[in-house]
Amino acid sequence: MTLLLDILTAVGILMIVVLGLAVVLGVLDVINLAHTGFMAVGVYAAVVAHEQGWPFWAGVVAGALASAAAGLVVEVLVIRRLYDRPLETILATWGISLIIIQLLTLGFGHNNQAAGQPLKTATSVLGTPYPTYRLLLIGVAAVLVLGLAVLIRYTRVGLTVRMVQANQDLARGLGIRVAFIRATTFVVGCALAGFAGALLGPTQAINPNYALSLVATAFLAVLLAGRRLSGLVAGCVILGTVQILFGRWFNPVYSSTVVIAVAVVLLRIRPEGLIWRRA
Amino acid sequence: MASRLTVRRSSLIGAVVAVLVFVVLGAVGSDYDTGLLTTAFVYGIAAVSLDLVWGFVGAPDLGHALWFGIGALTVGALTTTTDSTGLVVSVQGGALRYTVAIILGMVIAAALAGVVGRFSFSAKGSSFYIAVVTLALTTAATTLYSQFPTVTGGENGLFGFNPIAVDARTWYFVALGALTVITAGALLLVRSDVGLLLRAVRDNETRTRYLGYNVENVKTVTFMGGAALAAFAGGLLALITGLVSADLFSFVFATQMLVWVAVGGRGTIIGPVVGAIGLQLAGARLSADFPTQWSLFQGLLFVLVVVFVPDGILPPLTRLAGRLLHRGAPAGERTIVADPALPPERPTTSPVISVSDLRFGYGSLRVLRGVDLQVNRGELLCIVGPNGAGKSTLVSVLADGNLRAEGAIHYELGTHTSHRRRPAYRIARYGVSRKFQAPQLFASLSAAETILLARRGGRLPSFWRRTSTIPVSPAVLDVLDATGLTRRDNEKGTALAHGLKQGLEIAAAVSSRPQVLLLDEPTAGLTHNERAVVGQVLQRLVQGGMTIILIEHDLDFVNEIADRVVVLHEGRIIEDGTPAEVSRSDVVREAYLGTVA
């Protein structure tokens, strides 16, 4: 039972991390390598909030807002100029991630920080005690995914975004402010990153290299998704499960390497993503 | 010719002067400075290796430090013995052991790069893969490094295994020599004919594939070469310093390499070397006192260069220098000449491609719904039909066996007879040449260079020779003449006017001397006169024995030139006959106008 819950939390954490990344990739065709950087911005905002004596959840909101603000600056200064050069955005965001890490080091030093520890209790799930906070993460992941699915599928906002994604010139011709939609999407992606960063603060070591251990798995999961939410879920489930099971049965240190190998092989078999519309 | 020689000579003189300056510095410079430069030279080699991978075949290797680290670790691991905690207890040196270790490191790096390349480069996959996969590998490598202390030395790394007999000044000259030789070799490679192929892959993979080249292999082999070269640099640095640690594998170091290449100017070989040496010298003092600020500065520099000067600093500088010295003429012009030695295309009569019950769709959209078609040798077959009838799809399925269509396609192409579905580059090599609907040319290749690659039809060009005259069959010259491309050999393909682009596309498609030519709307966007000229050219090609399948909308044009017309409507062939027969057909009129006349 603990194993199952471990897998569920691993998948949930992965989903929370990956969602902002997937939104940016899906709509803008930009792999945001600075994603973990924005997560770090989020968690450091939560750290500051914690030091000011704010409640934990206010810190999470502050994290999302701080990342959104940072994302807006980055979009206006850099990303906006690179939309027609997708491969360059990879490099630019990689540079930005370096900049963020160094700025955080300058501001806060190398040492680990604390962002507070909410819900220290354990809840019994079918007789197995499990940390309540980790259970909560599973719930948050589910709500986020469902919310995004509904947003994209059934709302006017989702329709507009899908139009920009499918054909930006046509969308522009129909009076949609493409530049605005793109900027908003990027900022939302960054806000999700900050939210994820702050939310995962209690489960990770908080230093300027925050979440770098998650980065490889997260990016691979996004590639596996192939622009579809169902693919994203499938990718996270597969990689999360592999990570936990391998770690449990063999050696947890190698599990990140195994995850990469599994993802690379899957990408070779299904280069367009795990799930696509069948003929 | 004269200007070309001056440009070449001036850059050669510049390079010799630079090397000489460094030689003199090596003799008179302080120990501190030469020590710094020694490392910088080794980094220069790493920068060249990354430039080959990223600047030439366009694969952004975000984890290039991995290969460098593998080279260094192999040298360290083979020359030391450690206790169980990873502390070095004894060192086994010796020239032979060092040499074997360096070579082994290069082999391991190349082998791993081969596996990674095989998995990451694919026709369908996104070009992001390689970036993400290399990044992931780097993070995995740094994790694994600490797990095998008996091999890697763990947290402390390995140390003290450098040959004691060699003094620092000797290493300076060894590093300088290695950098000079490798840079010269890399320059020779990228300026040779094969260098064109590398740039073609970077600029437009799809088009390169349809010229008959196995793009994935080109990328993988270049990737392996870059990895081996980086491993050599790593091994050399390990020999010089006698140190290996996880830092050499880290993404921080990998990012530094990216910065050298981006700032210096990717795709120039010299630029990355200048970038590596320059930043290493500038950063040496700063990074000791202000490591965080220096990293921050590098990050800012990187982003600024990527956004505002994607070519890097060297290309604008050389352009400026060229203008100042009145030597603006581009180096190394190529000319297209007639080759009377080539025999005319062989005339034949039997069917070349037969298609039966071909079905294909994108998702739920059925595009081809059972096409039966026989293409005869030496005919000019026009495929017409309303928009969305499946014309372009039919041509795509004929030219690329990776599109999974149901039904049978049989190729009868002289030496190659096949029922099997082959990847696009194989079909191109069999002698099926394709021109796309919209011109697809290479941003950094001139007209002559495009023709050079096209006419080799997938055979690997020379790795060192730089062909300056390109012999082509009379048919190609005919196309170039007719479309007004004569004497524009050295203009970049993408900078040509639309009509000339179409002409160059047709010329490129013809120059591999194909048996079958697939042309998707070669006259789209051309004026009436240009159109007539293209029509005559096509008729002359057919008289020369070529088979042409042509997609066309202009029915008057079709009636003028076609031997046979096939009408495609809603994924089926509804009429097949001479132009006169087809234009009389009621079925066709109904398909186009929607009513029975």
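Not measured: the values here are computed from a predicted model. Every chain is numbered from 1, with letters handed out A, B, ... down the list of sequences.
- For a residue to count as touching a neighbouring chain, one of its non-hydrogen atoms must lie under 4.5 Å from one of that chain's; by this rule A:Ile100 does not touch chain B.
- No side-chain heavy atom of B:Val132 sits less than 4.5 Å from a side-chain heavy atom of A:Val222.
- Between B:Ala131 and A:Ile90, the shortest heavy-atom distance links the atoms CB-CD1, 3.6 Å.
- Of the residues considered (A:Ile260, A:Leu91, A:Ile96, A:Leu82), A:Leu91 shows the highest number of contacts with chain B, using heavy-atom pairs under 4.5 Å.
- Under the side chain to side chain contact (heavy atoms under 4.5 Å, CB included) rule, A:Val78 has a single partner from B:Val306, B:Leu304, B:Val303, which is B:Val303.
- Outside the 6.0 Å centre-distance limit, the rings of A:Trp94 and B:Phe302 are not counted as a close aromatic pair.
- Heavy atoms of B:Leu258 lying under 4.5 Å from chain A belong exclusively to its side chain.
- Annotation for B:Ser295 and A:Leu98: closest pair O-CD2, 3.9 Å, computed over non-hydrogen atoms.
- With a 4.5 angstrom heavy-atom cutoff, A:Val265 touches chain B via backbone and side-chain atoms both.
- In this structure, CD in B:Gln298 is found 11.0 Å from CD1 in A:Ile99, a value given to the nearest 0.5 Å.
- Among B:Thr255, B:Val133, B:Val116, the residue with the largest count of heavy-atom pairs under 4.5 Å with chain A is B:Thr255.
- From B:Leu135, atom CG reaches atom CG of A:Leu220 across 9.0 Å, with rounding to the nearest 0.5 Å.
- Only the side chain of B:Trp54 has a heavy atom closer than 4.5 Å to any heavy atom of chain A.
- Contacts of B:Phe297 with chain A are absent, with no heavy-atom separation under 4.5 Å from either backbone or side chain.
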